[in-house]
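Every chain is numbered from 1 and lettered A, B, ... according to where its sequence line falls, protein lines coming before strand lines.
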2 protein chains.
Amino acid sequence: MTVTIYDVAREAKVSMATVSRVLNGNPNVKPETRKKVKDVIERLNYRPNAVARGLASKKTTTVGVIIPDISNLYYSALARGLDDIAEMYNYQTIITNTENDPEKEKDSFLSLVSKQVDGVVFLGGALNEETLTDIKNSHVPVVICGTSEKDKNLPSVNIDYFEAIKEATAKFLEEGSERIVFVKASFSNQLENHIEEGIKAAYKDLGKSVDDNSLILTADSDYQSGKDIFDQINSHKADVVITMSDETAIGVLHSAMDHDLEIPGDIQVLSCSNTRLVNMVRPQLSSIAMPLYDIGAVGMRLLTKYMNEETVDESNVILPYKIEYRSTTR
Amino acid sequence: MTVTIYDVAREAKVSMATVSRVLNGNPNVKPETRKKVKDVIERLNYRPNAVARGLASKKTTTVGVIIPDISNLYYSALARGLDDIAEMYNYQTIITNTENDPEKEKDSFLSLVSKQVDGVVFLGGALNEETLTDIKNSHVPVVICGTSEKDKNLPSVNIDYFEAIKEATAKFLEEGSERIVFVKASFSNQLENHIEEGIKAAYKDLGKSVDDNSLILTADSDYQSGKDIFDQINSHKADVVITMSDETAIGVLHSAMDHDLEIPGDIQVLSCSNTRLVNMVRPQLSSIAMPLYDIGAVGMRLLTKYMNEETVDESNVILPYKIEYRSTTR
DNA sequence: CTGAAAGCGCTAACAG
DNA sequence: CTGTTAGCGCTTTCAG
């Protein structure tokens, strides 16, 4: 019923080895033979079985992508960059969604490995101890984008979050803001720790202490959570709110406006994601601008190097950032 | 290096067939044997090779998902529904992104088939003649969600777009609106034709003609395209704008506000996607509310039936819709 | 330049 | 309940 390489070989009156050679672009085939085989392939509408191929060659030309939440614009922007480069290098991507669940993250990884992917990239993600162990045991090349793990053993692509947030915080403090609230996303992530450190460093540089004037809250990274957490922010009399997620920032923004606060007069808002959303709300959201697409693209490029066993000079890539002060900051 | 079923068999002093049986939960294994094998599996940290499995069993427990644009909230909402149900039925999903390119759509499908997926679902998509032919030739179960093809040969899940848009249009006309502009997305899609028909039907029912008073434009489905197309809308002196995409609607909205038009006083806006965005802008966007998550979920459920060769009573499922009149309509 | 033959790691009859 | 034996469809030596 399904046509196999064997059928093609028979029809073309060659051996299956030869058919395999033309399939794989092996130059050791006489042009006439090649043409003959190609014609039969066309006529029979033959398509190689990628599964059999994968088993025989131990390569699947497939990379796994593990994402906390595809419906989050932050991650899907990263994914676009990944995808484009993957295509350029003739890899296909299997995207799996963990729904921010570290357990699923681990399962997804194992499942991808059992599918014999040639490599996997984590976009964000918790990367807990267990998962790290599985990665090590798997002997599969892994690159992590937009997250990090403490030992820096894994190749990664990031921006310098610590510096970025420190710069932003210092600016707020220098301009007279005193009560800065930071809203973490509830999916624990090494990055957020760097960010906390950055905030603390900025305070310290100015001889101030974080504890009295700053508050660190946790919220889901959606719009409603931003609206919901506003009460806590407000009761802290915050004059600056920094959130991980754009959606959360927008929720905070709208709640603040509903409480007749002036933006950015009474309260300034800055997010750390810089997704397409920042330009889609009024007032436009100020944000630490990471090169999302590039992070994904560079991550995939890095992975191809590992998959080809090329040498890489820098396995922990840091990309530049900008801080875009739009209309929610002064 | 990698541990195989053969290693497990040897260590457990059984045949590989027995190992295979415990792997697949075959009841014909003595409890003690089962335990013995499981212990060895644990000890050796053995993980079955899904590729070999797929080749031998001709099943991959994997379904392909073809999406025009993952970074579009409309599609990612559908994908979430799909994913949840897929997981429930122990299928994994391979998501591929076509970037709204019919050529890529076709290639993605073929690639998925060569990977021996057990089924594929299209979310949206152009489904041109060529792709349809490939689908027919592939003998792989296919379900399409949020799109349709003219012959209705393929199982599908949709809402009644025609009715929805007719109802909305009729309401606008009855309430005195006269100049309705419809903004299609540029990715041609059978659905949009249904929508056009719905608009025409509404006009006709009231004894009016579409041509004089209605204008049909085409724009990409992003925010900027919405802003850009406003000039055309404005020069038509539209009093109602209906767009496929939420982002486009928001772009139109903001442009209109920048031109000092009152919303919804001077111009009303309605979108057809109802993604999370509708609540994240001020004023909140009125929209035809489709059950996005459910469309995906029902689609995947339908696919499982085909993959199991169960009988299905209704292969073209129509789910209910609501029209949510929020703050951009009167 | 081409063919024969040996697997890749697993499932699935078929015996027993 | 368990083992033996063929493959699944392809790649890849190794000869020639």
*Minimum-distance nucleotide (side-chain atoms of A:Val29 versus C:dT2, C:dG9, C:dA13)*: C:dT2
*Reckon A:Thr33 has a side-chain N or O less than 4.0 Å from the OP1 or OP2 of C:dT2?*
yes
*OP1 or OP2 of C:dT11 less than 4.0 angstrom from a side-chain nitrogen or oxygen of B:Ser20, does that happen here?*
yes
*asked:* Salt bridge or not between B:Lys36 and B:Asp39? Use side-chain N to carboxylate O under 4.0 Å.
replied: no
_Nucleotide of C:dG9, D:dT11, C:dC1 approaching A:Leu55 most closely (side-chain heavy atoms)_ = C:dG9
_Whole angstrom value for the distance that separates P of C:dG9 from CD of A:Gln116_ = 9 Å
_Looking only at the side chain of A:Ala52 (C-beta and beyond, no hydrogens), which of the listed nucleotides C:dT11, C:dT2, D:dG9 gets closest?_
D:dG9
*For atom CG of A:Asp7 and atom P of D:dG9, their distance in whole Å*: 9 Å
_Rounded distance in Å - NZ (A:Lys13) to C1' (C:dT2)_ = 17 Å
*Given atom CG of B:Asn28 and atom C1' of C:dA12, what is their separation to the nearest angstrom?*
13 Å
*Give a yes/no on whether any side-chain N or O of A:Asn24 is located under 4.0 angstrom from OP1 or OP2 of D:dT11.*
yes
*OP1 or OP2 of D:dC10 under 4.0 Å from side-chain N/O of A:Tyr46*: yes
*When you get a sec, tell me which of D:dC8, C:dG7, C:dT2 is the closest nucleotide to the side chain of A:Ala56?*
C:dG7
*asked:* Does B:Arg21 contact D:dG3 through a side-chain donor or acceptor facing the base, at a distance under 3.5 Å?
replied: yes
*Using a cut-off of 4.0 Å on non-hydrogen atoms, how would the nucleic acid contact of A:Asn49 be classed: base, sugar-phosphate, or nothing?*
sugar-phosphate
*Do any side-chain nitrogens or oxygens of B:Lys58 fall under 4.0 Å of OP1 or OP2 in C:dA12?*
no
*Proximal nucleotide (of D:dT2, C:dA12, C:dC10) relative to the B:Ala17 side chain*: C:dA12
_Side chain proximity check, B:Lys106 to B:Asp134, heavy atoms < 4.5 angstrom_ = yes
*Round to a whole Å and report the spacing from OH of B:Tyr6 to P of C:dG9.*
13 Å
*Does A:Leu23 reach the side chain of A:Ile5, with side-chain heavy atoms less than 4.5 Å apart?*
yes
*Would you call B:Asp107 and B:Lys104 a salt bridge, taking side-chain N to carboxylate O under 4.0 Å as the test?*
no
_OP1 or OP2 of C:dG9 under 4.0 Å from side-chain N/O of B:Arg53_ = no
_Between P of D:dG7 and CD1 of B:Ile5, the distance in whole Å_ = 19 Å
_Rounded to whole Å, please give me the gap between NZ in B:Lys36 and C1' in D:dT2._
11 Å
_In this structure, how many angstroms lie between the P atom of C:dG3 and the CZ atom of A:Arg10, rounded?_
15 Å
*Taking all heavy atoms of B:Leu302 and all of B:Pro155, pick out the closest pair and write down the distance.*
CD2-CB, 4.0 Å
_Note, A:Asn24 side chain near A:Arg53 side chain (heavy atom, < 4.5 Å)_ = yes
*Phosphate-side-chain proximity, B:Ser15 and D:dG3, N/O vs OP1/OP2 below 4.0 Å*: yes
*For B:Val14, answer base if it contacts any base atom (sugar-phosphate contacts may also be present), sugar-phosphate if it contacts only those atoms, and nothing otherwise; contact means non-hydrogen atoms under 4.0 Å.*
sugar-phosphate
